Amino acid sequence: MERRVKLSRFSRAGSAVVIGALALTLAACGSDDPVGNATGESTGDGSTADTVSDLSGELNGAGASSQEAAMNAWRAGFQSLNADVTVNYDPVGSGGGRTQFVEGGVSFAGSDAALDEEEFALAQERCMGDFVEVPLYVSPIAVIYNLPEVEGLQMSGETLAGVFNGDITSWDDPAIAADNEGVELPSTRITPVNRSDESGTTENFTEYLAAAGGDAWPHDPSGDWPVQGGQSAQGTSGVVQTVQGGEGTIGYADASQAGSLGTVAIGVGEDFVPYSPEAAAAIVDASPRLEGRGAGSLALELDRDTDAEGTYPIVLVSYSLACLQYADEAEAELVKSFLGYVASEEGQQQSASAAGSAPISAELRGEIETIVEQISAS
Amino acid sequence: MTTTAPPPAAPPAARRRRRRTTSDTGLSRVFRWLSTGAGALILLVLAAVAIFLLIEAWPAISAGGDELSARVSWFPEDANLVTFVGPLVFGTLLAAALALAIATPLAVGIALFISHYAPRRLASALGYVVDLLAAIPSVVYGLWGALTFAPLVYPVWDWLASTLGWFPLFAGPASQPPRVMLTVAVVLAAMILPIITAVCREVFLQTPRLHEEAALALGATRWEMVRTAVLPFARSGIVSASMLGLGRALGETMAVLMILSPGTLYSFAVLQAGQQQTIAANIAAQYPEAPPLGVSTLIATGLALFVITMAVNMAARAIVARRKDFSGAN
Amino acid sequence: MSTTVEHLPGDSTPGQDQDRSASVRAMLKGADARRKRTDRGMTVMVYLAFALAMVPLISVSWTVLSNGIERFNLYFLTNSMRGVFGGIDAGGIYHAIVGTVQITLAAAVISVPIGILAAVYLVEYGRGLLARSVTFFVDVMTGIPSIVAGLFAYALFAVFFGPGIRMGIVGAVALSVLMIPVVVRSTEEMLKLVPNELREASYALGVPKWLTVVKVVLRTSVAGIVTGVMLSIARVIGETAPLLITVGVIDSINNNLFEGRMMTLPVYVYRQYQQGYVPCAADAADCISTINFDRAWAAALTLILIVMALNLLARLISRYFSPKLR
């Protein structure tokens, strides 16, 4: 009898728990609009001010994670202008983005590198003709260091290569002193910090070191850091955090993330150029285009070894990939207006303030806008 | 259980019915098959883990080192799968061994404290706290290790490197920030501590009261009682507890991923950054952006981890089983 | 003491007796000094070990609480991260809670029946090689690293659905691989506690075996089984690595287990940690540099609270509803 009573007490409590859990699941209606854009309200008759837009649907993209922060800003901006549109961006990495794009899995992709030959052919096939390949995200890569007493450090390409290859091990090394006349350097040990994951940032930085470092940098450019042993961290923010966490550390990171850390002015020709959005945009304008890639491509051959005045040679240029022709009209419209927004002054400002990218020059914008205008349905 | 014989004097009709209901027919059989199936399913799942990992890892296993390094950007040049996995296995074992070396004595200490030293009322509360701590997710330990613990620990590591630097394990200079294996090992130890403690405490509490009282009656001090009565009784329990901890430490991903500066060397220098990496952390780090062949390579390393943990577990079970036979307590 | 017994009562005067016991005491003390020291030393060691080990454990709890409490509010719990970027003071974990609850429940739905039936098999039916190997491999299965479980689930679905698959149910399968052995173990323990007399009484009444198991054995031990299930849920709800590689990350609410990525609480914590400091312009009003870490701590606090609540609930159930057998 005793046990029977207990059992029934249990089952009553048990069902109460189950009902409670159900109620919790059903009743809890969370919001998918934490910022308060109130996208839902403008769906009715488009009464919200001047943002009347007849675009609707879902646009999917994938690719470089370097673009993620900027892409978040672009998506937010574009969605607030076009309330019925949802833009998704899956930061699967440049390679994954390119693969998904040429296989037709996504409408557009972000990539830290231009398409290679194999992908070039596949992309032409997928797009039934020419494709769009435009640099819409230009980010200077800052060389950051944590050395509280020293400000405005300057380094030439060769010194930088020596430091990151582990040949220059102390901050008062003659090579660094030669680049910084009149600056008192401490004898602190240098701790170089690199990205532990494969990244476009590393690829661009090693490209620069290979071009400007001469014999001091014996490695090939690669997205994976080639020097074994040493401090490393995942992602740009990881590198920044690690540089911040130690003394005498030096690393490279997307300039937007540099925060309060000191940044190195890079030797270009006779001068030392600190990073700035303008100087980064300048190297993009100064670099020659890759030829023979069709009407939609603005792929660049970055001139890392440039002597041109006022250019900052360590930049990450990330492309947006799309088709010039889509089978589906709605898709074409969406891609066209989204890329149009990204290339616009407003879009570039948006990413500059959210992700610290360098806005593209007016000249380049003109060229990109002509290309984007041509996107259409076949 | 099922041997309850029907009363001999039962009328034939009743007997027949009885036989029908208790014998293995109809729903009874269905239920038996169902539960046997569930038991077999467990074996099946374990086999499936091995098989599916093998299927997905096969492209990487069958590809040569050249193909892998050509198509997977982070795969080192002039390496094959074995030379790639080797340092990772080494790092995994090193991290787990260090964590275990730190955690086991402490866990035994805490468990003894709770079971034999602390006042009774306090002890039961502490036991509960330890159980709760065992449930804290590893990602929280990782967060704590990376943001709270690591920034504090550099002076200690620096001191270790300068005084014990002649010992290969502590070879300096200590890296700053201390994103090094020793930091990871300490966090891992903190993570497996509650698990080992919980098991040890259970075992210590099961020591026969009579053994303890006999030891005390012979004039043994408290420590002698612990040493002569409690510890011998609990030895196999301690072994299996630390093996449980070892299993956790081997497969732990997040804390390593969030704290360690990875490297792929066979290096014992636990105070230097960029020397070792564990299999699990490497998988989690490379997986999200890996190309298809890269995913295969990672799954192959996962297969290696699976084999290692299986081996450790089986060895532990075997040890425990042997010990059980020998110890007279059971 | 025995010394006093050897002497005749008449021999001893009180003075002698005292002398003798004093010398005995001195002798005992003298010989005991080393043992005493060891004992005291070991006591100190045990206390020290305890104190030393408590430091990180208390530190973890305290930092999570103190860093997380500030952002832990209703807004945080009921909003997602959609459209949140940079350092803006917004965003919450609703989408992660949805994902965690759904995936964990799905994992429980898969593993609880299998786990309980397997335990029933082991206790009620199991004999011979199959039972022995099931027992052994359940133990082995407890030791599967969580990331391997994740890889297995991915491999399983990749074989049937093609590579690159990411959806909630894959994560649920991964978690159930981790959960099944825990459920089996705890249920088995509980079923073994059911006295044989109950089973035999049931058979004596002519109840078939399967009904005996369902109506007598399982019902008697239901509280213990529920406790075990709760604890196993508490164990898998904090798993990060398998979900990171099978379910991925997303910043908006996804209610569909069978399509698309989902966010989960542990992955959310990791993700926010990974995004790190936000560089704020000096004049930016609505920008918090440490926002990502703040969110990570608050989410970690939520996660710990959920785990603790599950643990507490499990304890209460086992305390109040388990049958009093002894």
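Only a predicted model underlies this, so the values are computations on that prediction, with no experimental measurement involved. Note on naming: letters A, B, ... go to the chains in the order of the sequence lines (proteins, then strands), and numbering restarts at 1 for each one.
If you check the side chains of B:Trp223 and C:Thr43, you find no donor sitting under 3.5 Å from an acceptor.
For the pair B:Ser35 and C:Val120, the tightest heavy-atom approach, listed with the atom from each and the gap, is CB-CG1, 4.2 Å. The two atoms that bring B:Leu53 and C:Phe152 nearest to each other are CD2-N, 3.8 Å, heavy atoms only. Contact record, C:Ile147 with B:Ala284: CD1-N, 3.9 Å, taken as the closest heavy-atom pair. Heavy atoms only, all atoms of each residue included: B:Arg222 and C:Asp39 are closest at N-OD1, 3.5 Å. When all heavy atoms of C:Tyr121 and B:Gly39 are compared, the pair lying nearest together is CD2-CA, 4.2 Å. Listed here is the closest heavy atom pair of C:Ile304 and B:Pro137: CG1-CD, 4.4 Å.
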Can you check side-chain contact (heavy atoms from CB on, under 4.5 Å) on B:Arg29 and C:Trp210, steps first, answer last?
CA-CA 8 Å; B:Arg29 172 171 293 188; C:Trp210 75 276; over 6 Å; no
Residue pair C:Phe137, B:Met314: steps toward the side-chain contact (heavy atoms from CB on, under 4.5 Å) verdict
CA-CA 9 Å; C:Phe137 281 108; B:Met314 287 180 169; 3.7 Å; yes
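Listed options C:Met54, C:Met141, C:Arg40 were ranked by heavy-atom pairs under 4.5 angstrom with chain B; first place goes to C:Met141. Interface summary for chain C: among B:Leu46, B:Asp131, B:Leu112, the most heavy-atom pairs under 4.5 angstrom belong to B:Leu46. Heavy-atom pairs under 4.5 Å with chain C were tallied for B:Thr253, B:Leu244, B:Val186, B:Val108; the largest tally goes to B:Thr253. Top candidate by heavy-atom pairs under 4.5 Å with chain C, chosen from B:Leu246, B:Leu133, B:Ile55, is B:Leu133. Between chain C and the options B:Ala38, B:Pro194, B:Gly251, B:Ala111, the largest number of non-hydrogen pairs under 4.5 Å is found for B:Ala38. Between chain B and the residues C:Ala131, C:Ala118, C:Ala53, C:Gly115, the most heavy-atom pairs under 4.5 angstrom are made by C:Ala118. Heavy-atom pairs under 4.5 Å with chain C peak, among B:Ile102, B:Leu126, B:Val130, at B:Leu126. Counting heavy-atom pairs closer than 4.5 Å to chain C, the top-ranked of the candidates B:Ala107, B:Ala135, B:Gly247, B:Ala134 is B:Ala135.
Inter-residue side-chain proximity for C:Val269 and B:Val140 is flagged as unmet; no heavy-atom pair is nearer than 4.5 Å. C:Ile180 has its side chain out of reach of B:Leu41: every pair of non-hydrogen atoms, C-beta onward, lies at least 4.5 Å apart. Counting only heavy atoms from C-beta outward, the side chains of B:Ile136 and C:Val60 approach each other to under 4.5 Å. Using a 4.5 Å cut-off on side-chain heavy atoms (C-beta onward), B:Leu257 and C:Tyr270 make contact. Residues C:Val46 and B:His116 fail the side-chain proximity criterion, which asks for heavy atoms closer than 4.5 Å. Within the 4.5 Å cutoff, side-chain heavy atoms of B:Leu147 are placed close to those of C:Phe293. Proximity of B:Phe52 to C:Tyr154: side-chain heavy atoms (C-beta onward) are nowhere separated by under 4.5 Å. Looking only at side-chain heavy atoms (C-beta outward), B:Leu43 and C:Ser133 come within less than 4.5 Å of each other.
We find the OG1-CZ distance between C:Thr142 and B:Arg248 to be 10.0 Å, quoted to the nearest 0.5 Å. The distance from the CE atom of B:Met310 to the CD1 atom of C:Ile144 is 7.0 Å, given to the nearest 0.5 Å. Atoms CG and CG, on B:Leu143 and C:Asn67 in that order, are 8.5 Å from each other to the nearest 0.5 Å. The OH atom of C:Tyr125 sits 9.5 Å away from the CG atom of B:Leu34 when rounded to the nearest 0.5 Å. The structure places CG of B:Leu132 at 4.5 Å from CE of C:Met308, a figure rounded to the nearest 0.5 Å. Here the straight-line distance linking atom CG of C:Leu244 with atom OH of B:Tyr287 works out to 9.5 Å at 0.5 Å rounding.
Using a 4.5 Å cut-off between heavy atoms, C:Val267 does not touch chain B at all. Contacts between B:Tyr141 and chain C at a heavy-atom distance below 4.5 Å involve the side chain alone, from C-beta outward. With a 4.5 Å cut-off on non-hydrogen atoms, C:Leu303 touches chain B through its side chain but not through its backbone. With a 4.5 angstrom heavy-atom cutoff, B:Leu27 touches chain C via backbone and side-chain atoms both. For C:Val307, the part sitting under 4.5 Å from any heavy atom of chain B is the side chain, from C-beta outward, and nothing else. C:Val55 does not touch chain B: none of its heavy atoms, backbone or side chain, sits under 4.5 Å away. Heavy-atom distances place both the backbone and the side chain of B:Ala48 under 4.5 Å from chain C. Contact of B:Met254 with chain C is made through the side chain alone, with heavy-atom distances under 4.5 Å. In this structure, the portions of C:Ile114 lying under 4.5 Å from any heavy atom of chain B include both its backbone and its side chain. Only the side chain of C:Val214 comes within less than 4.5 Å of a heavy atom of chain B; its backbone N, CA, C and O stay farther away. With a threshold of 4.5 angstrom between heavy atoms, C:Val64 approaches chain B through side-chain atoms but not through N, CA, C or O. For a residue to count as touching a neighbouring chain, one of its non-hydrogen atoms must lie under 4.5 Å from one of that chain's; by this rule C:Ser61 touches chain B with the side chain only. Contact annotation for B:Ile299: both backbone and side-chain heavy atoms come within less than 4.5 Å of a heavy atom of chain C. Heavy atoms closer than 4.5 Å to chain C are found nowhere in B:Val226, neither backbone nor side chain. Of the two parts of B:Thr36, the backbone and the side chain both hold a non-hydrogen atom closer than 4.5 Å to a non-hydrogen atom of chain C. Looking at C:Leu265, neither its backbone nor its side chain comes within 4.5 Å of chain B, counting heavy atoms on both sides. When heavy atoms are compared at a cutoff of 4.5 Å, B:Arg227 does not approach chain C at all. Within the 4.5 angstrom heavy-atom criterion, no atom of C:Leu122 approaches chain B. Contact annotation for C:Leu52: only side-chain heavy atoms (C-beta onward) come within less than 4.5 Å of a heavy atom of chain B.
Residues meeting the side-chain hydrogen bond (donor to acceptor under 3.5 Å, both in side chains) test with C:Arg166, sequence neighbours left out: none. Applying the ring pair (Phe, Tyr, Trp, His ring centres under 6.0 Å) rule to C:Tyr268 yields the partners C:His95; only residues at least two apart in sequence or on another chain are considered.
Aromatic ring pairs are classed by plane angle as parallel below 30°, tilted from 30° to 60° and perpendicular above 60°; the pair B:Tyr117 and C:Tyr47 is perpendicular.
Within 6.0 Å of CE on C:Met45 lie no more than 12 heavy atoms contributed by other residues, nucleotides or ligands.
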